[in-house]
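What follows is one structure encoded as structure tokens, with my remarks underneath.
In this chain, residues are counted from 1 in sequence order. None of these values were measured; they are calculated from a predicted model.
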Amino acid sequence: MTENQYSELVRYLGVKFDEVRRHADTLFEQSRADLRLAVERSDMRFEAVDRRFDAMDERLDGMDRRLDAMDRRFDAMDQRFDAMDRRFDAMDLRFDSLESEMRTGFTEHGGRISALERRN
């Protein structure tokens with residue numbers, strides 16, 4: 001190979017190398033831009049999902065507060081029912097006591113208890 005052909009080959013290879021490098025730089029920049037766009041889209045999706053989770057969390061907090069309020073109301077109702085149950089127990093004791101007094105009274109007054117028993 002002559003010196004002239006050699007220098008032409010070197011120049012040709014230099015030109016081709018520059019073309020390949022420019023093409024590689026272009027591909028690299030395009031890949032970088034594509035990656036940046038993909039990351040931005042991913043971030044937007046993540047933010048949208050995060051907002052949905054925040055909204056769900058707020059709804060769950062609201063439901064939790066409503067359930068707590070219901071629980072307090074049920075506790076109050078339970079206490080009222082317990083109080084009513086105690087009153088009924090007291091009334092039952094009073095009725096038992098009155099019935100005993102009535103039986104004792106009827107027996108003392110001569111056999112009226114049999115008429116009362118027939119009625120029941």
Is it the case that over 12 heavy atoms from other parts of the model lie below 6.0 angstrom from the CD atom of E3?
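No.
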
Under 3.5 Å: donor-acceptor pair, side chain of E29, backbone of T26:
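No; judged by distance alone, with no hydrogens or angles, the pair does not exist.
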
Short question: side chain of S31, backbone of L27 - any donor-acceptor pair under 3.5 Å?
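Here the side-chain-to-backbone pair exists.
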
ILVMFWY network linking [X] to [Y], side-chain heavy atoms under 4.5 angstrom:
X	Y	value
M77	L67	yes
L98	M91	yes
F88	F95	yes
L13	Y6	yes

side-chain contact (heavy atoms from CB on, under 4.5 Å) between R52 and V49: does it pass, once the steps are laid out?
CA-CA 5 Å; R52 282 189 219 125; V49 168; 3.9 Å; yes

Can you tell me how far the [atom1] atom of [X] sits from the [atom2] atom of [Y], to the nearest 0.5 Å?
X	Y	atom1	atom2	answer
R87	D82	CZ	CG	11.0 Å
R41	R36	CZ	CZ	13.5 Å
M63	M70	CE	CE	10.5 Å
L37	S42	CG	OG	11.0 Å

Do D64 and L60 have side chains that get closer than 4.5 Å, going by heavy atoms?
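Side-chain contact under 4.5 Å: no.
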
Go through E8 and N4 one step at a time and tell me if the side-chain hydrogen bond (donor to acceptor under 3.5 Å, both in side chains) criterion holds.
CA-CA 6 Å; E8 190 142 331; N4 196 17; 5.5 Å; no

For the pair D54 and R51, find out whether any cationic side-chain nitrogen is under 4.0 Å from an anionic carboxylate oxygen.
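Judged by the 4.0 Å cut-off on N to carboxylate O distance, D54 and R51 do not form a salt bridge.
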
Under the side-chain contact (heavy atoms from CB on, under 4.5 Å) rule, what do T2 and Q5 come out as? Steps first, then yes or no, please.
CA-CA 5 Å; T2 65; Q5 288 174 328; 3.2 Å; yes

